[in-house]
Each structure stands twice: as structure tokens, then as C-alpha cells.
2 protein chains.
Amino acid sequence: MDPGLGVWSLMGGFVKIDESLDEAAVRILHSLTGLDNIYMEQLHSYGAVHRDIGGRVISVAYFALINIEDYEEQVLDEHDARWVPLNELPDLIFDHKQMVQDAHQRLRQKVANHPIGFALLPEKFTLPQLLSLYEAIYDAPIDKRNFSRKMLSLGILKKLAEKEKSSSRKGAFFYVFDQEKYEKLSNEGLSFI
Amino acid sequence: MDPGLGVWSLMGGFVKIDESLDEAAVRILHSLTGLDNIYMEQLHSYGAVHRDIGGRVISVAYFALINIEDYEEQVLDEHDARWVPLNELPDLIFDHKQMVQDAHQRLRQKVANHPIGFALLPEKFTLPQLLSLYEAIYDAPIDKRNFSRKMLSLGILKKLAEKEKSSSRKGAFFYVFDQEKYEKLSNEGLSFI
DNA sequence: ACAAAAGTGTTGTCTGTACACCCATGC
DNA sequence: GCATGGGTGTACAGACAACACTTTTGT
């Protein structure tokens with residue numbers, strides 16, 4: 001957002017004296033998007049001396065996983081913010097491109113062992129949607145037969161009777177993530193890909 | 001170090017205006033231990049409002065991997081610092097225990113995919129030493145036959161003719177980490193455990 | 001000769017991967 | 001009836017886990 005001099009930046013703000021880093025991240029995300037209850041995770045702190053030309057600034061970067069259903073209306077209008085596909089990333093100010101790369105890498109690692117990918121999807125999603133999410137994160141094709149066998153074998157997806165019919169004639173069954181089953185299993189550590 | 005009121009803390013210091021976070025970490029490690037060229041990695045930034053009773057302090061935590069040969073002489077004397085085995089960790093000030101737990105967990109993840117474990121060993125080390133290092137990091141026994149087969153199959157260890165004879169009658173062969181071979185292989189991503 | 005740690009192989013099980021066809025439906 | 005995307009099964013290979021005995025040598 002904030003296309004200062006034709007160059008974009010990630011959204012950000014300053015930490016207040018009476019709020020934690022995590023609280024600041026939540027507040028800033030909310031103030032610029034209206035979104036609440038979003039999965040956020042601290043990424044890294046960037047502290048090169050001259051990284052910000054305006055003075056000495058240390059940035060504690062967070063990334064958020066935002067449900068693809070939620071973004072349209074709320075974000076775009078108010079703060080000339082924009083969503084950008086990773087493969088169309090424009091030049092970014094300061095070290096913000098590094099931040100994006102770091103976040104992408106972290107997401108790839110994380111998504112292999114934690115069910116955070118589901119936060120990026122609507123509550124009801126189809127296997128093809130989940131597949132293409134993983135393909136986007138890994139920027140690589142994944143065999144759909146192996147993928148669905150593996151996902152279903154984890155036993156943390158509940159199949160619904162309902163089908164999503166907008167993107168195909170046949171329609172794809174909806175699934176929901178089963179938080180309870182996941183929590184029972186997560187102690188033994190399970191692998192998502 | 002710094003047993004203020006009978007409670008220990010991790011070592012730390014303040015970032016200067018003309019140094020990066022990474023430089024500060026290196027400087028502080030050096031000033032308190034005399035050590036240089038140590039593998040360090042930023043862990044996490046801790047920013048709860050009241051985490052430090054002395055005022056609002058945000059701590060950017062780093063962890064270092066220090067060769068077990070190097071520590072004896074330099075550290076202990078000068079700053080009443082002490083090394084503590086993880087399973088004998090005393091109470092620590094503020095959120096420092098959390099930091100140690102976070103670092104331990106990060107190390108377990110990291111060591112599975114990156115050859116950073118070798119930084120903790122002397123340049124020449126034996127397979128039993130490497131094994132017990134991994135057992136310490138994972139706090140779990142590892143089968144030595146499977147372990148040595150896997151490590152050797154990576155092809156990044158050079159066996160020396162020399163043996164380490166102080167800890168057994170038979171003696172164990174020394175190995176060295178082969179940085180070059182590792183770099184050739186690392187693009188494909190290899191798994192250490 | 002014995003104690004103490006180093007070293008070494010095999011087998012079964014599981015997991016990952018490659019691969020191709022039929023199904024259901026709207027038009 | 002055909003075009004489109006959804007759904008399913010099998011076979012092979014490689015990785016992993018379990019497991020016990022022999023070797024070396026200092027005392």
C-alpha cells in the first residue's frame with residue numbers, strides 16, 4: 001500500500017507504549033483492513049542501520065493469513081491498499097521485498113507441519129481449492145491423487161454432503177477442517193505434505 | 001548470567017544507534033565471551049508490555065551455536081557467566097525461560113534440515129559425539145546403526161585416519177564436515193534426521 | 001580375560017511417487 | 001453427445017525402524 005513515489009510498501013505502523021508487539025500487529029491489521037481474528041505470526045525483525053531513509057527504524061514484521069473470501073470489500077477501498085499475486089510482486093520500498101520472500105519461505109515450511117493453510121480458505125472448501133492453495137504456496141504442481149489421499153488419511157477433514165458447483169459441471173464436495181480431531185492428533189505431530 | 005537477586009538471566013545488551021541488530025548480537029556475544037565467528041540466528045522478538053519490570057523493553061533474541069571445545073577458558077571467568085545443561089535450567093528472569101524453550105524448539109527444527117549441528121562440535125569429531133549431540137538436541141535416544149548409516153550416506157563427512165582414543169579403548173574415527181560437498185548438495189535440499 | 005565402547009547388516013513395514021481412466025453434469 | 005473438471009486405485013521404489021553380535025584394545 002501507500003504508493004509513496006510510485007513504489008509500494010507493505011502495510012505497517014508504530015508500536016504504542018502500552019501495547020505488545022502482537023497487539024500492535026493486530027491493531028494495525030485491523031485499522032487498515034477492518035479484519036479481526038486473523039492468524040498472525042511474527043516473522044522476523046529487520047534492523048539494518050540505514051534500512052529506512054527517514055531515520056533509524058527497526059521493523060518487527062508479521063504475516064497474516066487472510067481468508068480469500070474476506071478480502072474483497074473491506075480492504076481495497078479505504079486505504080488504497082491492493083492485493084498482489086506473488087508472481088506479480090512490484091518493486092517494494094526498503095527491505096520489504098526481502099520480508100515478502102522471508103514470509104513466503106516461512107509459510108512453505110510451516111504449512112508442511114501445521115494446519116495453517118486452512119486459514120486461507122473459506123470455512124467450507126473443496127479438495128481442488130485446497131490443492132491449488134498448496135500448489136500456490138509451493139509454486140509447483142502436486143499430483144491430485146496423492147494429495148487427496150494424504151489429506152484425507154489425516155482424518156482431520158469432514159466431508160459435507162453439499163457440493164461446490166460454480167467451477168465445474170460435476171461439482172466438488174465441500175469439506176470443513178475438524179479442529180477437534182486435529183487437536184487430538186497434533187501431539188504426535190503430523191505432516192501435511 | 002548476572003544473578004541479580006538470585007535469579008539468572010540470559011546475556012544481553014542494548015542496540016546502538018549505528019549498528020544493526022545482527023551486529024549488536026555479535027558485539028554483545030563477543031564482549032561477554034571473547035568469541036568471534038560464531039553461528040548466530042535471530043530467534044524472535046519479545047514485546048509484552050510489562051515483560052521487564054524496569055520499563056518498556058523490547059528484546060530481540062538471538063541464539064548462538066558455540067563449539068563445545070571453545071567455551072571453557074574464555075567465558076566463565078570474566079562476567080560470572082555460566083553454562084547450564086538444558087535439563088538443569090534454573091529459574092530465569094522475565095520471559096527468558098520462554099526464550100530458551102523457543103530456541104530449543106527452533107534448534108530441533110533447524111537441525112533436521114540444516115547442517116548447523118556441526119557448529120557445536122570441534123572441527124574433528126567422532127560419530128558417537130555427533131550422535132550424542134543429536135540425542136541431546138532431541139532429548140531422545142537414537143539408534144546408532146541407523147544414525148551412522150544415514151549420516152554417512154549424505155556424503156558430507158570426510159573420515160580421517162586418526163582416532164579419538166580418550167573415551168574408549170577401541171577408539172573412534174574422527175570425521176570432518178565437508179563444506180564443499182554440502183554446498184553442492186544443498187540445492188536439492190537434504191534431510192539430516 | 002574382561003570390561004567398555006565402536007562398529008557393522010538384514011529384514012519388514014511404511015511412505016512417497018508415478019501414472020490413466022471413468023464419472024457426473026450443464027450446455 | 002461432448003466438453004469440463006472431479007474423483008478414484010495400483011504398483012514400484014526408497015526410506016525408516018527395529019533389532020544383536022563382533023571388534024578392538026587398555027587394564
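Every chain is numbered from 1 and lettered A, B, ... according to where its sequence line falls, protein lines coming before strand lines.
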**Q** The side chain of B:Lys165 is closest to which nucleotide in this list: D:dG26, C:dG16, D:dT8?
**A** D:dG26
**Q** Find the distance A:Phe147:CZ to D:dG7:C1' and express it as a whole number of Å.
**A** 14 Å
**Q** Test A:Phe118 against every option in A:Phe192, A:Tyr175, A:Tyr182, A:Tyr39 by the side chain to side chain contact (heavy atoms under 4.5 Å, CB included) rule and name the one that passes.
**A**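 Exactly one pass, corresponding to A:Phe192.
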**Q** Between C:dA6, C:dC19, D:dG6, which one does the side chain of B:Ser168 approach most closely?
**A** C:dA6
**Q** In whole angstrom, what separates B:Glu164's CD from D:dG26's P?
**A** 13 Å
**Q** Nearest-nucleotide wise, let me know which of B:Ile193 and B:Lys163 is further upstream toward the 5' end of DNA chain D.
**A**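 It is B:Ile193 whose nearest nucleotide is closer to the 5' end.
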**Q** So, under a plain 3.5 Å distance rule, would you say the side chain of A:Arg145 forms a donor-acceptor pair with the base of D:dT10?
**A** no
**Q** Below 3.5 Å, does any donor atom in the side chain of B:Lys170 face an acceptor in the base of D:dT23, or the other way round?
**A**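 In this structure, the two groups form a donor-acceptor pair.
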**Q** Counting the atoms with a prime plus P, OP1 and OP2 as sugar-phosphate, which does B:Lys144 contact under 4.0 Å by heavy atoms, base, sugar-phosphate, or nothing?
**A** base
**Q** Whole angstrom is fine here: how far is it from CG in B:Asp143 over to P in C:dT8?
**A** 14 Å
**Q** Of the nucleotides C:dG7, D:dA17, D:dG7, which has the atom closest to the B:Asn146 side chain?
**A**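 Selected nucleotide (nearest to the side chain): D:dA17.
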**Q** Starting at CG of A:Leu131 and ending at P of D:dT8, how long is that distance when rounded to a whole Å?
**A**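 Spelled out: CG on A:Leu131 to P on D:dT8 is 14 Å.
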**Q** What is the distance, to the nearest angstrom, from the CG atom on B:Leu130 to the P atom on C:dA6?
**A** 13 Å
**Q** Using atom types as modelled and distance alone, determine if a side-chain donor or acceptor of A:Glu19 lies under 3.5 Å from a backbone N or O of A:Lys16.
**A** yes
**Q** Ignoring hydrogens and geometry, is there a side-chain-to-backbone donor-acceptor pair from B:Gln105 to B:Asp102 under 3.5 Å?
**A**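 No.
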**Q** Across the strands shown, which category fits B:Thr126 at heavy-atom distances under 4.0 angstrom: base, sugar-phosphate, nothing?
**A** nothing
**Q** Indicate, yes or no, whether a donor-acceptor pair under 3.5 Å links the base of C:dT17 to the side chain of A:Arg149.
**A**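 Side chain to base: pair found, below 3.5 Å.
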**Q** Is the phosphate of C:dT15, meaning OP1 or OP2, less than 4.0 Å from a side-chain N or O of A:Lys150?
**A** no
**Q** May I have the distance from A:Met151 (atom CE) to D:dT8 (atom P), rounded to whole angstrom?
**A**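 Those two atoms, CE and P, are 16 Å apart.
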**Q** Would you say B:Gln98's side chain and B:Asp95's backbone share a donor-acceptor pair under 3.5 angstrom?
**A** no
**Q** Would you mind reading off the distance between B:Gln129 atom CD and C:dA5 atom P, rounded to a whole angstrom?
**A**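 Atom-to-atom, B:Gln129 to C:dA5, this comes out as 14 Å.
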**Q** What's the closest nucleotide to the A:Arg169 side chain, out of D:dG6, C:dT25, C:dG7?
**A**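 Nearest nucleotide to the side chain: C:dT25.
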**Q** For A:Ala48 versus B:Ser20, what's the shortest heavy-atom pair and its separation?
**A** CA-CB, 3.8 Å
**Q** To the nearest Å, give me how far apart CG (A:Leu152) and C1' (D:dG6) are.
**A**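 Value for this atom pair: 13 Å.
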